[in-house]
Amino acid sequence: MTNLRILHVVSSMAPEAGGPPVVAAGLAGALADRGHSLAIATVESPGQSPIPLHPAVTLHSFPLTGSPRYAASRPLDQWLTDHTSDFDILHLHGIWQFPTFAAAHAARKNRIPYITVPHGMLDRYSIQQRSGLLKRIYWFYRERAIHAHAAAIHCLNQAEIDNAVPWIHAFPKFILPNGIFQSELDHLPAKGLFRNAHPTIADRPMILFLSRVHPKKGLDRLIPAWQCVAEKLPDSLLAIAGTGELDYLAHINNLIAPNNLQKNILLVGQLKAEKKWQALVDADLFVLPSHQEGFSMAITEALAASCPVIATKECNFDELASPPPCGIIIENGDMSTFTAAAIELLSNPAKRAQFAAAARALVQARYTWEKIAASLEQTYYQLLSACQPPALPGVLTSAERTPGRAEG
């Protein structure tokens, strides 16, 4: 089959933007390794550096000319108008922002097919939490047309579809998860580097939270629950790695002192690249108590580092409990489940070791970018070969009600 010219469009390639830039970089790099021509178009994030890219992936970055929240950029719009026809297919990451709108408009004008990735942002929780009315108006005024004219919507798992507002039910979809590179699996850092960099940790039992510090990530319910763990295991430590808006960071700090947890919680800020992997390798457990996720890169990376996970059902990672289990799922936001699981696992090294082995095996089997890119490549070819999205394993026509999983 012929090599493809593929353009990913995303509002930011800075790590502070969360999952979308990581996914765009991962897919682009793995597809480049398969011989395709890859480019990423994005808007510059002032004061933030883009995440590293595969050397064969070309980055086109354009200055902001409007609201940072909307990521408006007239130079990006003009570049898309001039260059979209240079590509065979576009992959658009995120919603509610200008780059997706501009790319979809340019693609339709040039009759180039495109795929959209909502990244969980059409979840009912996300719609209701912030500017819900504005999002509904924007959807029916502009966003709906973007997805209605897409060749397909790229969903990250079945739960993302099940939990979405009904607006996308009639649109063709396919399911492919996120992943990590095999090279990352093969070259994890040695144990001890993160603990050595933070002497207060030493050999204490440590649970790691590594994500954006944002209300939807559930720190407001994790910290009070952690008090129960600290009372039972006084030497235990919760390391919180991440950053967020200053007012919410202040709120988190204000939760720590009233719960008398200064000796049992360590705020380490945002960890990038190798430092992130060092923390994951050194952690005894990983926790993510989110109120909503699309597909958690943080959980995937924790599992890759052989770190058992405790996560809420809303993280959409049901494989944690599949045999052999590699983690614990918190149902219905019941944080007593977290408390009991954390105490048991921190006190039981043998069970942690069993979970750890299953965690790495799961990622190796299902969640490497190399496997995911192979499936995505076939999806691209078949979408391009027909005027309407064909019925594939993992690619759905609008007439199908229950989507399947496309796995490499």
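The first residue in the sequence is number 1, and the count goes up from there. Computed from a predicted model, the values in this text were never measured in an experiment.
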> So, K371 side chain and W369 main chain: donor-acceptor pair closer than 3.5 Å or not?
no
> What distance do Y367 atom OH and I299 atom CD1 have between them, rounded to the nearest 0.5 Å?
10.5 Å
> In Å, rounded to the nearest 0.5 Å, how long is the span from CG of L7 to NE2 of H83?
11.0 Å
> Look at the side chain of E344 and the backbone N and O of A341, then say whether any donor-acceptor pair between them is shorter than 3.5 Å.
no
> With a 4.5 Å cut-off on side-chain heavy atoms, are S73 and L64 touching?
no
> For residues G327 and F355, report the shortest heavy-atom separation together with the two atoms involved.
N-CD2, 3.6 Å
> Closer than 3.5 angstrom, by distance alone: can the side chain of N157 be matched with the main-chain N or O of G294 as a donor-acceptor pair?
yes
> Should F286 and L288 count as side-chain neighbours, where that means a heavy-atom distance under 4.5 Å?
yes
> Main chain of L133, side chain of Y138: is a donor-acceptor contact present, judged purely on distance under 3.5 Å?
no
> E293 vs S290, test: side-chain hydrogen bond (donor to acceptor under 3.5 Å, both in side chains). Steps then yes/no.
CA-CA 7 Å; E293 294 286 339; S290 295; 2.7 Å; yes
> Going by the ring pair (Phe, Tyr, Trp, His ring centres under 6.0 Å) test, which pairs reach into residues 3-27, not counting sequence neighbours?
H8-H91, H8-H93
> In terms of side-chain geometry, is the basic nitrogen of R204 or D282 positioned less than 4.0 Å from the acidic oxygen of its partner?
no
> Are the aromatic rings of F140 and W167 close, with centres under 6.0 Å apart?
yes
> Work out which heavy atom in P46 is nearest to a heavy atom in E44; give both atom names and the distance.
CD-O, 3.5 Å
> Has R74 got more than 12 heavy atoms of other residues, nucleotides or ligands less than 6.0 Å from its CZ?
no
> Do H60 and T58 touch side chain to side chain, with heavy atoms closer than 4.5 Å?
yes
> Start with the C-alpha gap between F174 and I115, add the side-chain angles, then the distance that decides, and say whether side chain to side chain contact (heavy atoms under 4.5 Å, CB included) holds.
CA-CA 10 Å; F174 67 91; I115 289 167; 3.9 Å; yes
> Kindly compute the distance separating NZ (K135) from CD (Q128), expressed to the nearest 0.5 Å.
10.0 Å
> I want to check something: taking the side chain as every heavy atom from C-beta on, are I168 and I153 in contact at a cut-off of under 4.5 Å?
yes
> Looking at CZ of R5 and OG of S85, how far apart are the two atoms once the value is rounded to the nearest 0.5 Å?
8.5 Å
> Counting C-beta onward and ignoring hydrogens, is there a side-chain heavy-atom pair between F295 and E160 closer than 4.5 Å?
no
> Just how far is it from atom CD of Q278 to atom CG of L188, taken to the nearest 0.5 Å?
11.0 Å
> Side chains of residues 249-256: which donor-acceptor pairs under 3.5 Å do they make with residues two or more places apart or in other chains?
unit_1 : atom_1 : unit_2 : atom_2 : d
N253   : ND2    : L249   : O      : 3.1
N254   : ND2    : A250   : O      : 3.2

> Please find the pair of heavy atoms, one from A279 and one from M206, that lie closest to each other, and give the distance.
O-CE, 4.1 Å
> Answer yes or no: does atom NE2 of H105 have more than 12 heavy-atom neighbours from other residues, nucleotides or ligands under 6.0 Å?
no
> Are T368 and Q182 close enough, and set up right, to give a side-chain hydrogen bond (donor to acceptor under 3.5 Å, both in side chains), and what steps lead you there?
CA-CA 6 Å; T368 65; Q182 183 66 46; 4.8 Å; no
> Below 30° counts as parallel, above 60° as perpendicular, anything between as tilted: where do the rings of W79 and F62 land?
tilted
> Kindly list each side-chain donor-acceptor pair under 3.5 angstrom involving residues 11-36, sequence neighbours excluded, with atom names and distances?
unit_1 : atom_1 : unit_2 : atom_2 : d
S11    : OG     : Q97    : OE1    : 2.8
S12    : OG     : A14    : N      : 3.1
S12    : OG     : S45    : OG     : 2.7
E16    : OE2    : K272   : NZ     : 3.3
D33    : OD1    : H54    : NE2    : 2.7
R34    : NE     : E377   : OE1    : 3.3
R34    : NE     : E377   : OE2    : 3.2
R34    : NH2    : E377   : OE1    : 3.0
H36    : ND1    : L4     : N      : 2.9
H36    : NE2    : E377   : OE2    : 2.6

> Any side-chain heavy-atom pair from Y248 and D220 closer than 4.5 angstrom?
yes
> When you compare the side chain of F338 with that of R221, does any pair of heavy atoms fall below 4.5 Å?
no
> What heavy-atom pair brings D334 and I330 nearest, and what distance separates the two atoms?
O-CG2, 3.2 Å
> Assess whether side chain to side chain contact (heavy atoms under 4.5 Å, CB included) is satisfied between H291 and T312, documenting all intermediate values.
CA-CA 8 Å; H291 296 279; T312 48; over 6 Å; no
> Any side-chain heavy-atom pair from L320 and I328 closer than 4.5 angstrom?
no
> With side chain to side chain contact (heavy atoms under 4.5 Å, CB included) as the test, would you mind laying out the steps for R352 and L285 before giving the verdict?
CA-CA 8 Å; R352 286 205 315 273; L285 297 173; 4.0 Å; yes
> For the atom pair SG (C326) and CG (L303), what is the distance rounded to the nearest 0.5 Å?
5.0 Å
> For I207 and L237: C-alpha separation, side-chain torsions, deciding distance, then whether side chain to side chain contact (heavy atoms under 4.5 Å, CB included) applies.
CA-CA 6 Å; I207 293 186; L237 182 76; over 6 Å; no
> Check step by step if salt bridge (Lys or Arg N to Asp or Glu O under 4.0 Å) holds for D284 and R195.
CA-CA 12 Å; D284 295 300; R195 290 176 181 266; 3.2 Å; yes
